[in-house]
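Residues take their numbers from the sequence shown, with the count starting at 1.
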Amino acid sequence: MASYGGVLRRSASVVQRARDGVRSTRKALARFARPQSFAAPPDAEAAAVRAVRNVRSFRFHYALLFWILILASLFPHRRPTMLFLMAASKLALFFGALLKVFPNSAIVQRIVDRRVMGALVIFVIGTEIVVTNAVLEFLLAVAVGVPLVLLHAVFRVRDDLTAVVEETAAVVNGGEFRQIVEKEKKEDLELGS
């Protein structure tokens, strides 16, 4: 009977972690495409700094966008290649999960290096694309994805910078702006972020 209590507590913590994961994913997606977080950069240097910072921050979002574009371009005519890419993505996700579950494991770190595994996956996928003559579809997906990523990376303003601007404006406007900020925070809470 004592083992049931441990199992129930463990499953409750698993459910709680899953809920937290869903909330953080929803928050990250809302943060990724929030319309208030876009503004034109003042000059080319600011645009470059913003692009580098955003590519570093949103690299997984951008990778997911490229992956979806590649799969969508392969869907109509190259289904075997698409299925191979999906299988390769499952293996890469399994490797990522293995590293997340055992981050300090000396065995996992020695056997499989993150950079070597990433290079191997990219090499296998590239070889598959070349062998199946899907290079044109790949280039089409890249031609659509690169401008989207660059536009997002250049025009996306950091959240902590917008918070500083909001605080400054609240002080200058005598609290009038604070009401707007509180309303936005309330909407974020309603969205679950």
Side-chain angles (χ1 to χ4, degrees), residues 14-15 17-35 37-38 40-41 44 47-103 105 107-159 191-193:
V14 168
V15 171
R17 276 189 279 156
R19 285 182 187 158
D20 292 341
V22 168
R23 284 187 194 122
S24 66
T25 302
R26 194 177 333 151
K27 185 177 180 180
L29 287 174
R31 189 175 69 96
F32 179 69
R34 185 180 302 152
S37 297
F38 290 93
V49 168
R50 194 184 288 180
V52 169
R53 186 178 297 128
N54 284 336
V55 166
R56 194 178 308 135
S57 297
F58 296 116
R59 64 181 178 261
F60 295 115
H61 293 88
Y62 296 150
L64 181 64
L65 175 71
F66 275 117
W67 202 252
I68 290 170
L69 287 173
I70 291 170
L71 289 176
S73 69
L74 292 173
F75 177 69
H77 305 292
R78 309 256 185 225
R79 287 193 181 155
T81 306
M82 185 185 76
L83 293 174
F84 180 80
L85 286 174
M86 292 173 72
S89 69
K90 296 299 181 196
L91 289 173
L93 287 174
F94 174 73
F95 171 70
L98 187 66
L99 284 177
K100 188 164 183 124
V101 171
F102 303 110
S105 174
I107 296 172
V108 173
Q109 295 295 332
R110 285 186 193 151
I111 293 174
V112 186
D113 184 33
R114 182 178 295 183
R115 288 178 226 137
V116 171
M117 190 62 161
L120 181 65
V121 167
I122 289 173
F123 175 75
V124 168
I125 289 172
T127 305
E128 168 69 16
I129 287 173
V130 169
V131 168
T132 59
N133 296 325
V135 176
L136 185 62
E137 288 86 353
F138 174 76
L139 293 176
L140 177 70
V142 170
V144 171
V146 167
L148 288 174
V149 167
L150 286 177
L151 283 172
H152 184 272
V154 168
F155 289 103
R156 177 67 164 81
V157 180
R158 284 183 33 193
D159 289 333
L191 289 174
S193 55

Residue pair [X] / [Y], side-chain heavy-atom distance below 4.5 Å:
{"X": "R78", "Y": "N133", "value": "yes"}
{"X": "F66", "Y": "V146", "value": "yes"}
{"X": "L85", "Y": "E128", "value": "no"}
{"X": "V149", "Y": "F58", "value": "no"}

> So is R79 actually on top of F75's ring, under 6.0 Å and inside 45° of the axis?
Replying inline: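 Yes.
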>> To check you understand the geometry: which heavy-atom pair defines the closest contact between V142 and P147, and what is its length?
In response: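 Residues V142 and P147, closest heavy atoms: O-CD, 4.2 Å.
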>> Looking at every non-hydrogen atom in both residues, tell me the closest pair between Y62 and V55 and how far apart they are.
In response: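 Smallest interatomic distance, heavy atoms only, reads CE1-CA, 3.7 Å.
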Got a second to check how far [X]'s [atom1] is from [Y]'s [atom2], nearest 0.5 Å?
{"X": "M82", "Y": "E137", "atom1": "CE", "atom2": "CD", "value": "12.5 Å"}
{"X": "L74", "Y": "L83", "atom1": "CG", "atom2": "CG", "value": "10.0 Å"}
{"X": "I125", "Y": "I129", "atom1": "CD1", "atom2": "CD1", "value": "7.0 Å"}

> Do other residues, nucleotides or ligands put more than 12 heavy atoms under 6.0 Å from the CZ atom of F138?
Replying inline: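 Result for CZ/F138: open.
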> For N54, does its backbone N or O pair with a side-chain atom of S57 as donor and acceptor, under 3.5 Å?
Replying inline: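 Side chain of S57 to backbone of N54: no pair is present.
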